[in-house]
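Beneath this line is the structure, given in structure tokens, with notes to follow.
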Number of protein chains: 2
Amino acid sequence: MSDFGPDDKIVHGGPVPVYVQIAGVLRARIKRGDWLPMRPLPGEQRLADEFGVARMTARKAVRVLADEGTVFVVPQRGAFVSAPEHSGSGDAQ
Amino acid sequence: MSDFGPDDKIVHGGPVPVYVQIAGVLRARIKRGDWLPMRPLPGEQRLADEFGVARMTARKAVRVLADEGTVFVVPQRGAFVSAPEHSGSGDAQ
DNA sequence: CACAATTTGTTCGTATGTATT
DNA sequence: TAATACATACGAACAAATTGT
């Protein structure tokens with residue numbers, strides 16, 4: 001259970017690489033608040049199982065999020081949701 | 001850094017295949033003693049990153065060295081520099 | 001201290017599809 | 001047609017560190 005939404009289907013062989021699609025799903029989940037900041041995402045193997053892909057493909061998806069700063073990876077610990085941005089522009093209190 | 005020397009530029013689209021060029025660079029490095037016998041070379045992906053090529057291209061370069069006996073590959077471990085030849089008859093060059 | 005489970009890191013092996021030469 | 005080269009994707013295996021029992 002608690003797979004992922006019906007709109008989170010992963011399409012193989014399409015124009016968008018699987019690992020990019022998975023990164024998108026995870027990004028949306030994070031924004032939705034599925035994992036609070038400083039909380040670890042499921043491990044690479046668990047993500048692989050959930051999405052029905054190889055571990056290295058799930059790993060690549062996590063790396064996309066890490067490269068864009070959405071998460072940070074701690075070896076032997078997991079991938080953690082980064083602290084929220086300071087709300088870019090002005091101070092807005 | 002510690003890329004490769006200034007004479008180790010890889011030329012794409014030239015008469016010499018990229019994987020052959022890379023094999024040549026690695027061969028020279030081995031003779032230079034960059035990796036001692038029984039020591040592993042960088043992995044295929046690391047070589048690919050260093051030379052700016054796809055992993056399969058770096059892999060093909062390593063295979064050239066393996067086919068000529070310069071290195072031997074151990075699955076899931078790496079490519080190792082072969083023990084030096086007994087220098088033919090036994091005396092110095 | 002020992003042991004198992006979990007998790008990231010890294011490696012080679014293989015296959016497919018696409019594009020270029 | 002064939003060789004080259006890249007990107008993607010899966011598989012298998014081992015290492016090292018952490019965590020829990």
Side-chain angles (χ1 to χ4, degrees), chain A residues 2 8-26 29-30 34-35 38-82, chain B residues 2 4 8-26 29-30 34-36 38-82:
Chain A
S2 170
D8 295 337
K9 286 195 186 66
I10 300 302
V11 179
H12 289 260
V16 182
V18 172
Y19 75 90
V20 173
Q21 296 179 56
I22 295 177
V25 173
L26 296 179
R29 285 190 187 180
I30 291 172
D34 283 27
W35 302 288
M38 308 307 292
R39 294 289 306 173
L41 276 66
E44 294 170 350
Q45 189 56 65
R46 289 181 181 282
L47 289 175
D49 292 341
E50 280 188 22
F51 287 95
V53 300
R55 182 196 151 200
M56 293 311 296
T57 302
R59 177 179 173 78
K60 213 167 178 181
V62 172
R63 178 158 191 185
V64 169
L65 301 180
D67 287 346
E68 70 189 25
T70 303
V71 304
F72 60 96
V73 179
V74 181
Q76 276 72 57
R77 301 277 319 188
F80 296 78
V81 177
S82 301
Chain B
S2 162
F4 30 93
D8 295 338
K9 287 194 185 70
I10 300 301
V11 179
H12 290 260
V16 182
V18 171
Y19 75 91
V20 173
Q21 296 180 54
I22 294 177
V25 172
L26 295 179
R29 284 192 189 180
I30 291 172
D34 283 28
W35 303 289
L36 299 180
M38 308 307 293
R39 295 289 305 174
L41 275 66
E44 294 170 352
Q45 187 58 66
R46 290 182 177 281
L47 289 175
D49 292 341
E50 281 187 23
F51 287 95
V53 299
R55 182 197 153 200
M56 295 311 297
T57 302
R59 175 179 174 77
K60 217 166 178 182
V62 172
R63 175 153 192 187
V64 169
L65 300 179
D67 287 346
E68 71 189 24
T70 302
V71 304
F72 59 99
V73 179
V74 181
Q76 275 73 58
R77 309 270 352 209
F80 296 78
V81 177
S82 300

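As the structure is a prediction and not an experimental result, all values here were calculated from the model. Order of the sequence lines sets the chain letters (A, B, ...), proteins ahead of strands, with each chain counted from 1.
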If you measure from [atom1] on [X] to [atom2] on [Y], what distance do you get to the nearest 0.5 Å?
X: Asp49(A); Y: Arg46(A); atom1: CG; atom2: CZ; value: 8.0 Å
X: Leu65(A); Y: Arg29(A); atom1: CG; atom2: CZ; value: 11.5 Å
X: Leu26(A); Y: Phe51(A); atom1: CG; atom2: CZ; value: 4.5 Å
X: Arg55(A); Y: Glu44(A); atom1: CZ; atom2: CD; value: 4.5 Å

Where the side chain of Gln76(B) is defined as all heavy atoms beyond and including C-beta, which of dA5(D), dA13(D), dA16(D) is the nearest nucleotide?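 Taking heavy atoms from C-beta onward, the closest nucleotide is dA13(D).
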
Just compare dT4(D), dA7(D), dT8(D) and give me whichever is closest to any side-chain atom of Tyr19(B).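 Ranking dT4(D), dA7(D), dT8(D) by closest atom to the Tyr19(B) side chain puts dT4(D) first.
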
Reading DNA chain C in the 5' to 3' direction, which nucleotide is the first one with an atom under 4.0 Å from a heavy atom of chain A, and which is the last?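 Using the under 4.0 Å cut-off, the span is dT7(C) to dT10(C).
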
How is Arg46(B) classified with respect to the nucleic acid when contacts are heavy atoms under 4.0 Å: base, sugar-phosphate, or nothing? sugar-phosphate

Residue pair Trp35(B) / Pro42(B): nearest heavy atoms and the distance that separates them: CZ2-CD, 3.4 Å

Most 5' of Arg55(A) and Val18(B) on DNA chain D, judged by nearest nucleotide: Val18(B)

Need to verify one output field. Residue with the more 5' nearest nucleotide on DNA chain D, Val53(B) or Gln21(A)? Val53(B)

When you compare the side chain of Ile22(A) with that of Ile10(A), does any pair of heavy atoms fall below 4.5 Å?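 Yes, side chains in contact.
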
Atom [atom1] of [X] and atom [atom2] of [N]: how far apart are they, to the nearest Å?
X: Gln45(A); N: dA12(D); atom1: CD; atom2: P; value: 11 Å
X: Arg63(A); N: dA7(D); atom1: CZ; atom2: P; value: 14 Å
X: Ile10(B); N: dC6(D); atom1: CD1; atom2: C1'; value: 16 Å
X: Phe51(B); N: dC6(D); atom1: CZ; atom2: P; value: 12 Å

Would you say Thr57(A) places a side-chain N or O within less than 4.0 Å of OP1 or OP2 belonging to dA9(D)? no

Using only side-chain N and O atoms of Lys60(A), determine if any of them is under 4.0 Å from OP1 or OP2 of dT8(D). yes

Side-chain donor/acceptor of Thr57(A) to backbone N/O of Tyr19(A), under 3.5 Å: no

In terms of the nearest nucleotide of DNA chain C, which residue is placed more toward the 5' end: Arg77(B) or Met56(B)?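 Looking at DNA chain C, the more 5' nearest nucleotide goes with Arg77(B).
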
